[in-house]
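Atoms considered below: every heavy atom in the structure, side chains included; atoms not considered: hydrogens, waters and symmetry mates.
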Amino acid sequence: MSGFLRRFSRNYGALAGTVILLLVVLLAAVAPVLYPDSPWMMVADPLIPPFTNPEYPFGTDMLGRDIAAGLAWGAQVSLLVGIVSTIIALLVGILVGSIAGYYGGWVDDFLMRLTEFFQTIPQLAMAVVLVAVLSPSIYSILAAIALVAWPPAARLVRGEFLSLKQREFVQAAIVIGQHPWRIIGSQILPNAMSPIIVSTSFMVATAILTEAALSFLGLGDRNLMSWGFMIGAARTMIQQAWWMIVWPGVAILLTVLSINLIGGGLSDALNPHLRRPNE
């Protein structure tokens, strides 16, 4: 663990990403304290420019809602969707990929054809259709993003299992008669976690972007403030109030960039070919 932390700390981009992401998490955590009222509430005059009123540092929108409150509450939605949908997609992907990679044969063929079916449909298009059919809500958004995100995870896990199940320690466990699920859970899966962990960070970033796109298109949860909704609501006001689009856009950019930087740092830190001799 100490060697991993040393390698990760040498990646300044990953450290910068960690700091940015921690700030976003902190903002989401303190949103109910800083802005106890609903972010939908009209609290001031419409279209107050940023940095002109200390009570509303990022300005107000065309209805007099506080942009800063929307950013803080929107951070909660983005992180919630990114983390929860990724966890669901990972659980499905790991289950499908491990079964396909371990058992092989017709089981592998069937599960991979199923995976390829989901991958032939553009992810955003499928998510839009699913949310529209199920009616927009935080639950339908989570389900739709998880449903379109699991196939790449399944293929990654399958590839790792196909490689690892030929190793001596796995063959020894088979010879002594260990149950297949025990071999999968205790022998193969722990050794396949490095690429899965790296992939997870990019899945979270993709989920945040997908949620923003859905909200921009008017398919977000109407009871929850979202960065994507803020951009979508402001698209007709870009010439009169540029800040209504810029601030949520910067929030999405920094959050996704920080997660990608962390993913790159994890990839380098977990790569055995990049380790120094004394590590």
Side-chain angles (χ1 to χ4, degrees), residues 12-85 136-138 141 201 204-263 265:
Y12 297 116
L15 290 179
T18 302
V19 172
I20 295 173
L21 184 60
L22 288 176
L23 291 176
V24 175
V25 172
L26 178 63
L27 177 63
V30 302
V33 178
L34 294 178
Y35 305 101
D37 297 326
S38 171
W40 302 98
M41 184 178 296
M42 294 176 283
V43 295
D45 295 333
L47 301 181
I48 296 178
F51 312 122
T52 58
N53 189 326
E55 293 186 20
Y56 312 105
F58 294 110
T60 60
D61 65 7
M62 63 282 197
L63 297 178
R65 296 175 296 203
D66 189 357
I67 299 292
L71 294 176
W73 285 96
Q76 288 189 345
V77 174
S78 293
L79 294 176
L80 172 67
V81 171
I83 294 172
V84 175
S85 63
S137 70
I138 189 65
I141 292 171
S201 61
V204 173
T206 302
I208 291 175
L209 288 174
T210 304
E211 185 279 327
L214 291 172
S215 297
F216 176 84
L217 295 172
L219 293 173
D221 192 320
R222 292 178 174 82
N223 297 315
L224 299 174
M225 181 62 72
S226 166
W227 292 339
F229 168 81
M230 294 174 69
I231 295 176
R235 62 182 180 271
T236 59
M237 300 291 296
I238 188 170
Q239 292 184 334
Q240 294 86 359
W242 55 267
W243 59 88
M244 291 175 56
I245 285 182
V246 168
W247 297 130
V250 169
I252 295 173
L253 171 65
L254 291 178
T255 303
V256 173
L257 176 62
S258 67
I259 295 173
N260 285 332
L261 288 174
I262 292 172

Before giving the answer on side-chain contact (heavy atoms from CB on, under 4.5 Å), spell out for Val77 and Met225 the whole-Å C-alpha distance, their side-chain angles and the decisive distance to 0.1 Å.
-> CA-CA 7 Å; Val77 174; Met225 181 62 72; 5.9 Å; no
With sequence neighbours excluded, tell me which residues meet side-chain contact (heavy atoms from CB on, under 4.5 Å) with Val84.
-> Leu80, Ile88, Leu142
Between Pro57 and Pro54, which heavy-atom pair has the shortest distance, and what is it?
-> CD-O, 3.7 Å
Does any pair with a residue in residues 251-263 pass side-chain hydrogen bond (donor to acceptor under 3.5 Å, both in side chains), and if so which ones, sequence neighbours excluded?
-> none
Qualifying side-chain hydrogen bond (donor to acceptor under 3.5 Å, both in side chains) pairs with a residue from residues 211-231, counting only residues at least two apart or across chains = Glu211-Ser215, Glu211-Ser226, Ser215-Ser226
Nearest atoms (heavy-atom pairs only) where Pro32 meets Gln76 = CD-NE2, 3.6 Å
Residue list, side-chain contact (heavy atoms from CB on, under 4.5 Å) with Val250, at least two apart or on another chain | Val246, Leu254
For residues 235-243, run the donor-acceptor check on the side chains, cut-off 3.5 Å, and write out each pair with its distance to 0.1 Å, sequence neighbours left out.
{"residue": "Arg235", "atom": "NH1", "partner": "Gly232", "partner atom": "O", "Å": "2.6"}
{"residue": "Trp243", "atom": "NE1", "partner": "Thr60", "partner atom": "O", "Å": "3.0"}

Pairing residues for Ala72 by the side-chain contact (heavy atoms from CB on, under 4.5 Å) criterion, not counting sequence neighbours = Leu27, Ala31, Tyr35
Salt bridge (Lys or Arg N to Asp or Glu O under 4.0 Å) pairs touching residues 36-60, sequence neighbours excluded, are none
Partners meeting side-chain contact (heavy atoms from CB on, under 4.5 Å) with Leu63 (sequence neighbours left out) = Met42, Asp61, Arg65
Supply the atom-to-atom distance Leu214 CG to Ile141 CD1, rounded to the nearest 0.5 angstrom.
-> 6.0 Å
Residue pair Pro136 / Gly220: nearest heavy atoms and the distance that separates them | CB-O, 3.5 Å
Just wondering, do Leu224 and Ile138 contact through their side chains at under 4.5 Å, heavy atoms?
-> yes
Got a second to check how far Leu34's CG is from Leu71's CG, nearest 0.5 Å?
-> 12.0 Å
Gap separating the CG atom of Leu21 from the CG atom of Leu26, nearest 0.5 angstrom | 11.0 Å
Qualifying ring pair (Phe, Tyr, Trp, His ring centres under 6.0 Å) pairs, either residue in residues 36-81, two or more places apart | Trp40-Phe229, Phe51-Trp247, Phe58-Trp247
Set of residues satisfying side-chain hydrogen bond (donor to acceptor under 3.5 Å, both in side chains) with respect to Ser137, sequence neighbours excluded = Ser140
Ile252 to Ala212 - nearest heavy-atom pair and separation = CD1-CB, 3.8 Å
Of the non-hydrogen atoms in Val256 and Ile208, which two are nearest, and what is the gap between them?
-> CG2-CG2, 4.2 Å
